[in-house]
Amino acid sequence: MYYYASKLNEASCSGCSVKVPPVSEPATTSTDFVPLTVDPALLHGSGLSYYDNDDYYSMVRGNKLMSESSCKHMVMNGGLGYMSAQKVEPGQNQGNGGVSVGMGVGGGEEVEYRDGQLVSASLEALVDMLRPGAPPSFTFTFLLCSRLFLKPHELLAKLCKRYFKNYDKPGKADESKECPEKELADMGALVRVLTQWTGMFPYDFRDDRVMALVRTITQRCASEQMAGMRSEVSRTLERLLDRLTALEQYEQSLPEPAPLCTVEQLPQGDILTLGLSPVELARQLTAVELYRLSFVGPEEFLQAFSPPAAKTPAAPKTTRNLEAYADWFNRLSYLVATDIIKPVKSKQRARLLEQWVTTARECFNLGNFNSLMAIISALNMAPIARLKKTWSRASPVCGQQLRQLELCVEPGGNHARYRAALAAAPGETAVPLLSVTCRDLHFAHQSAPTRVSGGRVNFEKCCALARPVRAQLAARRLGETHGTPHRPAHAVNAHVTNTPTWRFFLDRPALSETALELVSFEREPPADHLEKERLKRLKGAAP
């Protein structure tokens, strides 16, 4: 737990009490990722939501549902994506992660623009564009995709080489005792770029090679001429230390209990014993989703689904929080299935079915599609779906609501209904489907080359890779506000670990897939020849 504290203490500047006012940067009006207004004529109905919110259109209540053809029409015309709200003129920013003319790199063969958007550029030109005045969308996109060509410590070394001499010789200082104004301004620019980097991609600084360069920067700031930079560097390193310490504590809580083989090994109680209404249970599940998602680094998506070319050495993977988040989805599905199938009496199982279906509905109302899909997956598992007696004792509305919710996440029309519902969901509680984000990343990586003619970087592809990552992690409040990174979402949601839902799902074991099937046949005997054969195979394979 104190590993990162010691590493950052080595790099921090002590004895600093000077506070320098932030350097004013030219104001940039960003039009990044402006969502199109959803047509109410396409998204009408009384809705599943309990809240009378005109901005959140329901899709699954009543007989008037969005047709698949309407959804496809919206997808083909860009209605479910994002676009710039205005035409881009030279010197302005462009949405979709694009970069406009006038970022410090002139025309020529190294940079190519199309309709005011940066299309391709040499790697050196892109590195030169990485400056404090660059739009946050460009900074995020390039820092994310640069690891396809450079390791993080190599990129930081290029920045250090640009801004000061003898960067690779920490013990050697400049001969001049007086610090020129240009050198002071360059160091200030480097520190501000470093602040943006630590806010957007803090996990890059788990690499000792990166921290060695950070120590070089802080040693430069330790000189009397650089006294004004020390306070800013200290604040940056303090925020980085808080983030990495919280990450280490979270990773220590990741190990989960192994699946059980018999229902007798399960602890007493079920989700009903918590005494939570479906509304409150959905809220706490959403808080758990956002808490877990807050620890997923943006670079983990690229490392998992867009690996670098074979000739390009990959950057070291220092976290596995994306895999842990995917495991959480599977674990939630098996915990829901275990919770339903555990009771011996069919009436109790029916009550649990109604509780989880209603909770899934409330997850939809909150825009928590990851938990919604996990619950639907559990209810569609063969051990649960075959319990006809249990389903018959549940309310008829329960089955209707489940079928309506399934329509919202069906993959037809490139997940058109899901994308429309996500676009209309409340932004502060929206949790996108991880599987759809991974699918979008895979196709974005496979559909275009990473480099174009002349060896230039295909920046259009970089924007296509960054777009789904930004959408998936929007609830993290990534530090993209210029010069003032936001407080990480995990700091705001620290209370999540004290909720009943967190404690219920953290240590509670689930049944394995085979155990679920065996218990299902115990609760309701086989109904036909195929189920009898299946039961025989399961008993024969049981230890």
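This chain uses plain numbering: 1 for the first residue, then up along the sequence.
For the pair Cys408 and Phe364, the minimum side-chain heavy-atom distance is below 4.5 Å. Taking the side chain as every heavy atom from C-beta outward, Pro411 and Tyr418 never approach each other to under 4.5 Å. Put simply, the side chain of Arg470 reaches to within 4.5 Å of the side chain of Ser137, judged on heavy atoms. With a 4.5 Å cut-off on side-chain heavy atoms, Trp197 and Leu130 do not count as touching. Side-chain contact between Leu240 and Val214: absent, with no pair of heavy atoms (C-beta onward) separated by less than 4.5 Å. At a threshold of 4.5 Å between non-hydrogen side-chain atoms, the residues Tyr203 and Phe295 count as touching. Counting heavy atoms from C-beta on, the side chains of Phe142 and Leu155 come closer than 4.5 Å. A heavy-atom distance below 4.5 Å is not found between the side chains of Glu251 and Arg320.
Counting only distance, with no hydrogens or angles, the side chain of Thr141 and the backbone of Phe138 share no donor-acceptor pair below 3.5 Å. Using a distance-only test at 3.5 Å, with no hydrogens or angles considered, no donor-acceptor pair links the side chain of Thr359 to the main chain of Ala282. Side-chain N or O atoms of Ser294 include one that pairs as donor or acceptor with a backbone N or O of Tyr291 at under 3.5 Å. With hydrogens and angles disregarded, a donor-acceptor distance shorter than 3.5 Å links the side chain of Asn458 to the backbone of Pro449. When atom types are taken as modelled, the side chain of Asp115 and the backbone of Gln117 share no donor-acceptor pair closer than 3.5 angstrom. Remark: the backbone N or O of Thr437 is not paired with any side-chain donor or acceptor of Gln472 at under 3.5 angstrom. A donor-acceptor contact shorter than 3.5 Å links the side chain of Arg162 to the backbone of Val127. Arg239 places no side-chain N or O within donor-acceptor distance of the main-chain N or O of Thr198, the cut-off being under 3.5 Å. Here the side chain of Arg331 pairs no donor or acceptor atom with the backbone of Ala510 at under 3.5 angstrom.
Residues meeting the side-chain contact (heavy atoms from CB on, under 4.5 Å) test with Arg292, sequence neighbours left out: Tyr250, Leu254, Glu256, Val288, Tyr325, Trp328, Trp502. Taking the ring-ring contact (aromatic ring centres under 6.0 Å, His included) definition, one finds that Phe504 meets it with nothing, sequence neighbours left out.
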Discussion item. Between Phe201 and Phe205, does the ring pair (Phe, Tyr, Trp, His ring centres under 6.0 Å) criterion hold? Intermediate values first, please.
Written reply: CA-CA 8 Å; Phe201 299 89; Phe205 296 84; 9.7 Å; no
Item to complete: Check the pair Thr216, Cys160 against side chain to side chain contact (heavy atoms under 4.5 Å, CB included), reporting the backbone distance first and the verdict last.
Response: CA-CA 9 Å; Thr216 301; Cys160 292; 6.0 Å; no
Worksheet item: So Thr499 and Arg283, side chain to side chain contact (heavy atoms under 4.5 Å, CB included) or not? Walk me through it.
Response: CA-CA 11 Å; Thr499 60; Arg283 288 175 180 171; over 6 Å; no
Discussion item. Using the rule given for salt bridge (Lys or Arg N to Asp or Glu O under 4.0 Å), can you reason through Lys158 versus Glu124, listing the C-alpha separation, both sets of side-chain angles and the distance that settles it, and then say yes or no?
Written reply: CA-CA 9 Å; Lys158 286 180 176 290; Glu124 294 301 325; 2.8 Å; yes
Worksheet item: When you look at Arg147 and Glu299, which way does the salt bridge (Lys or Arg N to Asp or Glu O under 4.0 Å) test go after all the steps?
Response: CA-CA 8 Å; Arg147 60 201 74 238; Glu299 69 280 0; 5.1 Å; no
Practice prompt. Could you please spell out the steps behind the side chain to side chain contact (heavy atoms under 4.5 Å, CB included) verdict for Ser371 and Val431?
Written response: CA-CA 8 Å; Ser371 293; Val431 182; over 6 Å; no
Practice prompt. Could you walk me through whether Leu118 and Met129 pass the side chain to side chain contact (heavy atoms under 4.5 Å, CB included) test, one step at a time?
Written response: CA-CA 11 Å; Leu118 178 61; Met129 291 179 180; 3.9 Å; yes
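Within the model, atoms CG of Asn321 and CD of Glu300 stand 5.0 Å from one another, a figure rounded to the nearest 0.5 Å. We find the CD-OG1 distance between Glu238 and Thr236 to be 9.0 Å, quoted to the nearest 0.5 Å. Of the inter-residue distances, the one linking Gln249 atom CD with Thr245 atom OG1 reads 6.5 Å to the nearest 0.5 angstrom. Within the model, atoms CG of Leu302 and CG of Leu322 stand 11.5 Å from one another, a figure rounded to the nearest 0.5 Å. Rounding to the nearest 0.5 angstrom, the gap separating the CD atom in Gln446 from the NZ atom in Lys461 is 7.5 Å. Separation of atoms CZ (Phe329) and OG (Ser377) is listed at 4.0 Å; rounding is to 0.5 Å.
Taking the charged nitrogens against the carboxylate oxygens, Arg220 and Asp186 have no contact shorter than 4.0 Å, which rules out a salt bridge.
The side chain to side chain contact (heavy atoms under 4.5 Å, CB included) test with Phe459 is passed by exactly one of Leu126, Val119, Val452: Leu126. Results of the side-chain hydrogen bond (donor to acceptor under 3.5 Å, both in side chains) test with Asp440 over Arg467, Arg419, His445 single out Arg419 as the only residue that passes.
For the residue pair Ala464 and Ala444, the shortest heavy atom distance occurs at O-CB, 4.0 Å. Among all heavy-atom pairs drawn from Ala430 and Leu290, the shortest one is O-CD2, 4.2 Å. The minimum heavy-atom distance between Pro468 and Leu441, with the atom names listed, is CG-CD2, 3.8 Å. Between Pro136 and Met200 the shortest heavy-atom distance is O-CE, 4.0 Å. Contact between Met229 and Gly188 at its shortest, heavy atoms only, is SD-CA, 3.3 Å. Among all heavy-atom pairs drawn from Val111 and Ala125, the shortest one is CG2-CB, 3.9 Å.
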